[in-house]
Amino acid sequence: MSDSNPRNFIEEIIEEDLRSGRFTEVHTRFPPEPNGYLHIGHAKAICLNFGIAEKYKGKCNLRFDDTNPEAEDMEYVEAIKRDIRWLGFDWEDREYYASDYFEQLYEFAVKLIKKGKAYVDDSTPEEINAMRGTPTRPGIESPYRNRSVEENLDLFERMRKGEFEEGARVLRAKIDMASPNMHLRDPIMYRIKKVPHFRAGDKWCIYPMYDFAHGQSDAIEHITHSLCSLEFRHHRPLYEWFIRELELFPSRQIEFARLNLSYTVMSKRRLKRLVEEGYVSGWDDPRMPTLSGMRRRGYPPAAIRDFADRVGIARRDNVIELSLLEFCVREELNRTTPRIMAVLRPLKVVITNYPEGQVEHMEIINNPEDESMGTRTMPFSRELYIEQTDFMEDAPKKFFRLKPGGMVRLKSAYIIRCDEVIKDENGKVVELRCTYFPESRSGQDTSGLKVKGTIHWVSAAHAVPAEVRLYDRLFSDPAPDQHEERDFTEFINPDSLEVLDPVWIEPSVQGAQPGQAFQFLRMGYFCVDPDSTPDKLVFNRTATLKDTWAKVNKSK
RNA sequence: AGACCCAUGGUGUAACGGCAGCACAGCGGAUUUUGGUUCCGUUAGUCCAGGUUCGAAUCCUGGUGGGUCUACCA
C-alpha cells in the first residue's frame, strides 16, 4: 500500500507518515455538524475521507460535531446518515458524537485550569471583542486573566451548575494576547447556554466551543489524519496547543480546498435561505446542490463518486464547471438506464394508409449500450404523436427530421412521408398527414429507402399521460454569491423549472417506481419523482442529452 | 495594514531539478435506426522580475494577483 501511487498531496503525506513511522495505520473521520443538509461539497470530503481509509486499509468514523445545541437537531442527523449511506459509504459501528465527549472535555478543561492554562473571564462579549485587538494590533489581557487556580476551579464548577446567567462568564485558554494568530489570543473554550441539547438533554448548561472540541475528539478517536478545509489552517496551532497541554493523541491535520461549483451556491446559510424564502420547494428540491436534491433529481451516487474523484484534491481555491458533474451523470446513466419513448410536446400524426384499428407490436432494444437489458415491444397504430420540434415547415437543408414532402424513420418502426400539414385558424400546425412504407419496417426493411433522420413517437391511443418537470440551473450567473453589491437571490434563473403536463409516454412505463431512471429517447435522462401517484407518474429531468443540433442552431 | 495559504490551457488537476501530461469544455471529422453513444484528430498553459544550476513549472529572493483570519458559529 505504501508503494501505491499517491493521487494527491494528502496521500503523499499519509504515505510519508506510514514510511517514517509517525503513524502505523490510517484512521480518518467525516465530522458534520447536524444543522443542515449535506451538499455536493460535503460529498467531496466524504469520498476523500472514506476513500483514503479504504485505500490504506484503515477506518473512517462518522462523528457529529454537535457542540452548539441552538442550531442542531436529530432531523439533520438522520438526513446526513441517509445521504452518506446513499453515496455508498459505511461507518459500521463507528458513529460518534462530540456530545458524548462532554464529560471528558469538561475534565480536560479542569486539567488546563489546574495547570494555570485556563481562566474564567467575567467580561462581556463586547469587552472581550474589544480586548482581542486586530490582526495588526495586539490584544490586551483581560483583568480576570490572573485569577487563582482555586478561584477558576470554583467559578468553572459553578458555571456548570448553572449559577450564572447565560453570557455572564466564559472559560478561556491562557495563551498569548499578542499572537499574530487571532485564534491564539486566549480563545474561548466554554460558554454558558441554558439550552437543552438534542442528545444530552438538559444535563449541561455550558457547552464547549468547536475549537475546544474538535481536536480533542480527533484525539479521543485516535484519528491519524484529520482532513479539513482551508479556513482551519489558522486553528491548527490552537489544536496543537490543546493536544500538547493535555498530552493527547496527536492527530495530523491537513487542510485542502473545498469544492465550489459554478452556477450554484454552497454555503449552508445560503442554501437555508433558498429553502426558507421559498425559492425552492425544500432541501431536496431537484435544483439544489444538496445530496438529497441530487438524489431526487436522479443523479446516481456512482456519478457523484466519480465526480469527487475527478475534481481532485489540492490547496488552491477552485470553481468546478457544472459541465463536469453533468458529464459524470450522463456517463453513468448512459450505461445503466433503459431507453423508452416519451413525447414531451406532442404533434399529432395520422398515417393515412395505415388500416384503422390495426395495431402492431414493434420490438425495441432497451439499451444499445447493454444487450443484457433485452428488448420490449411498443404498440404502433394509425394515429401517433411525435415531438413538435421534429417537424419544420420551412426547414434548412441540414434539418434531418420531418418536413413537408420529406421522409423520416420512426425509431424501430416504419419510414413515413409527410404529405399534408394541417393548421388551425391561427396558422399553428396541429396535425400531419403522412403515409408509411409497409416494406420499411425496422429490422426487415426491403424498401431501399434511405433517410437521414430517426425520430421517436408514441401511439396516441396507447400512450400514457404523465407530468414532466424540466430543470435548468438554479442561477443564471456562474458565481451568484461573488457579487459585492448584489444579493445572490437576484441571480436566480426564472426558467429553472418548467412543468409539462401532459406528456405522452409509451405504455411500458406503467408501474415505474419513484427513483427509477430512464432515458427518454433523444430527450434526456428522467427519473420518477416521489410525487407520483398510482394514477399519474411525475418525472424529473435529470439531464439533457448532448445536443449538437441545438448548438448548430444557436450558433446561427 | 499584519500573519498565514495559494498561483500550470476556458475549468480542474499531474510533474518531486531533465520532452509540460490527463480529464471536462471548445473546435473538426468518422460511425450511428437516439443530431445520443463510440472512435479519431485538434485549439489552448507554467503570474512577473531577478538569482542558483549544464538544465527551473519545480529551489531561492522580490514583486503582482487571489484567498483566509479579527463569532460566547462550526
Side-chain angles (χ1 to χ4, degrees), chain A residues 7-8 12 31-33 35-36 65-68 70-72 98 121 123-125 128-129 132-139 166-172 179-183 185 187-193 206-207 209-211 213-214 229-237 255 257 259 262 268-269 310-328 330-331 334-335 339 341 364-365 367-369 398-401 408-413 415 440 442-443 445 451-456 478 519-524 544-553:
Chain A
R7 301 173 63 254
N8 53 57
E12 276 177 26
E33 182 190 14
N35 71 341
D65 266 330
D66 54 349
T67 56
N68 182 3
E70 279 166 347
E72 297 152 4
D121 195 332
S123 307
T124 65
I128 289 180
N129 283 338
R132 191 161 11 230
T134 71
T136 36
R137 248 174 247 308
E166 209 167 290
R169 287 185 162 89
V170 290
L171 183 71
R172 291 229 258 169
S179 171
N181 183 340
M182 300 295 288
H183 298 277
R185 320 248 264 226
I188 293 169
M189 296 161 58
Y190 268 91
R191 76 287 215 190
I192 300 170
K193 270 187 198 292
I206 57 172
Y207 292 95
M209 297 290 288
Y210 172 86
D211 278 348
H214 192 84
S229 50
L230 250 28
E231 65 268 30
F232 292 101
R233 171 65 186 86
H234 301 291
H235 300 237
R236 196 166 77 204
E255 306 87 12
L259 172 76
S262 65
K268 234 181 251 183
R269 204 193 94 241
R310 287 171 184 266
V311 297
I313 301 293
R315 218 156 15 195
R316 77 183 98 140
D317 291 320
N318 61 82
V319 182
I320 310 292
E321 288 180 351
L322 194 59
S323 59
L324 179 62
L325 215 208
E326 289 178 337
F327 168 82
C328 295
R330 289 193 186 104
E331 187 177 57
N334 179 49
R335 280 179 39 232
R339 275 61 170 167
M341 294 202 222
I364 307 182
I365 294 213
N367 185 348
E369 306 296 314
K398 286 289 195 68
F399 187 78
F400 302 152
R401 308 172 190 178
V408 75
R409 156 85 58 190
L410 295 174
K411 171 74 178 174
S412 299
I415 291 174
S440 68
S442 193
D445 187 343
V451 293
K452 232 12 187 141
T454 300
I455 64 173
H456 61 280
Q519 184 194 113
F520 289 0
L521 206 74
R522 303 205 305 134
M523 301 309 287
T544 59
L545 258 25
K546 276 172 69 180
D547 190 347
T548 49
W549 169 245
K551 208 181 294 180
V552 168
N553 253 353

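Letters A, B, ... mirror the listed sequences (proteins, then strands); counts begin at 1. These values consider heavy atoms only, across backbone and side chains, with no hydrogens, waters or symmetry-generated copies.
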Between C48(B) and G65(B) - C1' atom distance, rounded Å: 10 Å
Quick one: the side chain of His456(A) and the base of U34(B), do they pair up donor-acceptor inside 3.5 Å? no
Looking only at N and O atoms, is any donor in the side chain of Glu369(A) or the base of U38(B) less than 3.5 Å from an acceptor on the other one? no
Suppose we define a pair by two distances each less than 3.5 Å, Watson-Crick or G-U wobble; what does U34(B) pair with here? none
Test side-chain hydrogen bond (donor to acceptor under 3.5 Å, both in side chains) on Ser179(A) and Asn181(A); report intermediate values, then the result. CA-CA 5 Å; Ser179(A) 171; Asn181(A) 183 340; 5.4 Å; no
Ignoring hydrogens and angles, answer whether the base of U13(B) and the side-chain atoms of Arg7(A) contain a donor-acceptor pair closer than 3.5 Å. no
Starting at the 5' end of RNA chain B, which residue's closest nucleotide do you reach first, Arg401(A) or Thr67(A)? Arg401(A)
Could you check whether the side chain of Glu321(A) and the base of G10(B) have a donor-acceptor pair of N or O atoms closer than 3.5 Å, going by distance alone? yes
Please state the C1' separation for the pair U32(B) and U37(B) - nearest whole angstrom. 9 Å
Length of the CG-C1' vector between Leu521(A) and U34(B), whole Å: 4 Å
Any strand is fair game: report the nucleotide pairing with G10(B) by Watson-Crick or G-U wobble, both distances under 3.5 Å, or none. C24(B)
Which one is paired to C39(B), where only Watson-Crick or G-U wobble pairs with both distances under 3.5 angstrom count? G29(B)
Which nucleotide in the set A74(B), U68(B), C24(B) lies at the smallest distance from any side-chain heavy atom of Asp65(A)? A74(B)
Per atom distances to the Lys546(A) side chain, the nearest of G10(B), U37(B), A74(B) is U37(B)
Using a distance-only criterion (donor-acceptor N/O pair, under 3.5 Å, no hydrogens), is the base of U33(B) paired with the side chain of Arg409(A)? yes
Would you say the base of U33(B) and the side-chain of Ser442(A) have a donor-acceptor pair closer than 3.5 Å? yes
Let's test this: given Watson-Crick or G-U wobble pairing with both distances under 3.5 Å, identify the partner of C69(B). G2(B)
Hey, is Glu166(A) close enough to Arg191(A) for a salt bridge, meaning N to O under 4.0 Å? no
Side-chain polar contacts of residues 314-328 of chain A - donor-acceptor pairs under 3.5 angstrom, sequence neighbours left out - could you list them?
| unit_1 | atom_1 | unit_2 | atom_2 | d |
| --- | --- | --- | --- | --- |
| Asn318(A) | ND2 | Arg258(A) | O | 3.3 |
| Asn318(A) | ND2 | Arg316(A) | O | 3.4 |

Of the candidates G35(B), U70(B), C24(B), the side chain of Thr134(A) sits closest to U70(B)
Can you tell me, in whole Å, how much space there is between the P of C6(B) and that of A14(B)? 13 Å
Say whether, by atom type as modelled, one donor and one acceptor occur between the side chain of Arg330(A) and the main chain of Asn334(A) under 3.5 angstrom. no
Rounded distance in Å - CD (Glu255(A)) to P (G67(B)): 19 Å
Of all the choices, U34(B), C69(B), C72(B), which nucleotide is nearest to the side chain of Arg339(A) once you look at every atom? U34(B)
For His183(A) and Phe327(A), take the nucleotide of RNA chain B holding the closest heavy atom to each; which residue's nucleotide lies nearer the 5' end? Phe327(A)
